[in-house]
Amino acid sequence: MLRLPHALFSLGLVATSLVAQSPLPQVAKAGKTAKTAKAIDPADLDLAVKPCDDFYQYANGGWLKRSTIPADKARFGSFEELADRNRDTLHAILEETSQRSDWKKGSLEQKVGDFFASGMDQAAIEKLGAAPLSPWLARIEAMKSTRDLASVLAAFHGAHAGGGGFGFGVAQDAKNSTQYLAQLSQGGLGLPDRDYYTKTDAKSKDLREKYVAHVAKMMVLAGEDSMDARAHADAVMIVETRLAKASMSRVDQRDPQKTYHKMLVSELEQMAPQFAWRLYFKGLGLKQVGDVNVRQPAFIMEFGSMAEDITLPEWRAYLRWHAVSSAAPHLSRAFVDEAFDFNSRILNGIPQQQDRWKRVQAVLDTPSALGEAAGQLYVKQAFSPEAKQKMVVLIENLRAALKEKIVALPWMGADTKQQALKKLAAFGVKVGYPDKWKDASKIEVVRGDFYGNIMRARAFETRHNLEKLGQPIDRTEWGMTPSTVNAYYSPTMNEIVFPAGILQPPFFDAKADDAVNYGGIGAVIGHEMTHGFDDSGSQFDAEGNLKNWWTEADKKAYESRTDLVVKEFDAFKALPDQNVNGKLTLGENIADLGGLKIAFAAWQKSLGGRSPDPIDGFTGPQRFFLNFAVIWRNVIRPEAQRVRLNTDPHSPGRFRTIGPLSNLPEFYQAFGCADGDAMKRAEDVRPSIW
Ligand SMILES: [Zn+2]
């Protein structure tokens with residue numbers, strides 16, 4: 001229920017992907033199509049541009065010119081291209097598995113195959129229409145007063161069936177990472193961020209009008225007449241606007257101290273007495289909740305007030321909307337089309353809906369027990385132990401390079417350095433897929449019952465999460481499925497994690513020269529390691545506790561450096577009328593810069609003084625930086641870019657390339673950039689951190 005921290009890359013709001021790639025590639029062989037057989041393809045470059053003027057354009061101009069965004073996508077680049085191949089691999093497995101109906105009942109193959117088959121059974125889904133919603137809508141209708149809000153929200157949250165209001169789940173206690181803690185967080189909005197409700201510019205107003213119209217259309221589909229639906233949509237807007245106004249900004253949420261407010265349930269009751277918290281916890285089946293972390297107290301206080309002074313009819317309208325919108329993607333075509341129309345077309349500019357199999361596969365391929373069941377079938381076919389071994393070597397080389405960097409830091413004192421080195425040495429590493437898979441045996445999967453399968457799987461996941469309270473920390477869990485093209489750092493686990501899906505070109509290519517691999521997956525590894533030392537991650541210690549290990553002077557020196565990163569990215573214009581938000585993207589930008597630097601140092605170290613021969617006219621260092629630019633290239637729809645500028649902690653690919661490179665003397669040297677060149681930042685404004 002809580003969002004995964006510090007991923008390498010944010011996947012879209014709509015699940016992405018496309019393209020065919022045949023017979024289940026081994027990692028080393030996967031990737032390059034005939035057209036791009038070379039690790040660095042000269043046709044991808046634009047040699048008319050000088051590398052020191054605009055390296056993103058120089059390295060990717062050819063590719064950018066010939067690339068178009070597929071009609072069912074918001075964005076297309078190296079991540080999406082590889083994700084498409086992985087998805088096709090998994091698709092072939094799902095097709096084959098679902099075509100057989102003689103699997104042993106309860107086997108992985110039966111569950112995965114029947115789930116996929118049920119999702120593809122459009123006729124059965126059409127026949128049901130809005131029927132799966134009936135019990136939920138009846139539950140809302142039966143509310144006698146707003147005092148029933150607690151039991152109704154518990155029912156919805158427990159079943160993961162919508163509900164809204166706020167978020168609740170169990171996660172590690174940030175200040176006591178050996179224990180789980182109940183976590184209460186803001187939530188309950190239908191638009192991507194709180195600011196969408198309050199901004200007064202014409203675009204924002206227009207979007208709100210379209211949102212209200214969308215809510216009304218969905219209410220009609222769920223059985224209301226159009227007059228009622230319109231009035232109810234207005235009520236939804238009233239409720240959500242109040243929640244939005246009380247919400248913490250995304251920038252503030254990046255500070256782990258600001259979202260840590262552990263208290264007794266009795267204190268929560270005093271804070272927001274209008275809502276029956278104990279009844280809510282009881283409704284979720286939780287007998288003893290001692291403490292709870294209220295991540296955004298101001299929000300919960302406002303929610304408490306609203307529990308009392310929003311009228312019962314308004315609450316009913318709001319709850320109905322969240323029930324309908326949560327179920328819509330899994331219902332009949334009319335619901336699916338309307339959800340697509342607002343969330344994908346209007347909000348993200350995507351003209352065409354994904355094929356059904358892609359959408360069904362996206363529902364399955366999530367970090368859950370069923371997702372890992374599919375993941376087990378995937379890695380049997382698409383994972384190479386050779387790649388894992390090479391990764392482990394790379395990771396240790398990067399760790400050694402970062403260690404040297406920390407020891408040599410001019411701005412950090414000895415005491416803080418000692419703590420930093422302790423933290424670095426304690427990093428846990430996961431590569432490929434889980435050693436221990438999540439157990440899906442208790443989830444019943446029935447052919448022909450898509451909605452039922454989804455709800456049983458969700459109820460299982462919620463229960464599994466809530467049952468962690470009071471249990472020892474499960475350190476075997478993964479937050480991504482094996483086929484995912486991404487990676488993450490968890491500050492409370494103090495671990496870096498790399499799914500099998502990303503260990504392929506252009507990130508990692510067993511056939512390519514080391515320069516290319518260090519510029520690709522090396523920079524990715526360095527990125528995740530640096531998250532342990534970014535503005536947020538650096539507040540956690542070696543044991544994953546939110547506990548200061550910095551001297552005051554060192555913290556000041558660090559912040560004077562990160563301030564330069566904020567300024568640098570604030571100045572990047574991503575749309576004619578919108579710049580990158582330097583504070584929102586700070587952690588990722590620190591990680592990109594540090595990761596690049598550490599990867600380059602590790603590569604240099606691995607050469608042991610040798611100088612690799614040029615390939616296609618490019619020196620080793622040039623090939624390193626060229627592949628770094630390749631991994632971040634993409635084309636994106638302006639609407640989707642805008643949503644990301646407002647919500648995504650990652651900068652656009654163009655700035656993830658030119659930002660870090662223009663701060664790096666090793667890059668200037670590789671391409672002969674001189675003072676005054678755009679890609680060489682003046683020393684007094686050039687951040688150098690790790
Ligand atoms: Zn990251």
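Read the numbers this way: they start at 1 and go in the same order the structure lists the ligands and their atoms. Start at 1 with the first residue, then count along the sequence.
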Item to complete: Show all protein N/O/S atoms under 2.8 Å from the Zn ion (ligand 1), or state that there are none.
Response: A7 O, H527 NE2, H531 NE2, E588 OE1

Practice prompt. Using side chain to side chain donor-acceptor pair (under 3.5 Å) as the criterion, point out the one residue from T647, N348, D577 that pairs with R642.
Written response: D577

Worksheet item: Are a donor atom and an acceptor atom from the side chains of E568 and N663 found within less than 3.5 Å of each other?
Response: yes

Discussion item. Any carboxylate oxygen within less than 4.0 angstrom of a Lys/Arg side-chain nitrogen, looking at R623 and D513?
Written reply: yes

Discussion item. Checking side-chain polar atoms at under 3.5 Å, does D563 have a donor or acceptor matched by the opposite partner on S560?
Written reply: no

Item to complete: State whether F498 and K430 meet the cation-pi test: NZ (Lys) or CZ (Arg) under 6.0 Å from the six-membered ring centroid, and within 45° of the perpendicular axis.
Response: no

Practice prompt. Taking S368 for its side chain and T366 for its backbone only, find out whether a donor-acceptor pair lies under 3.5 Å.
Written response: yes

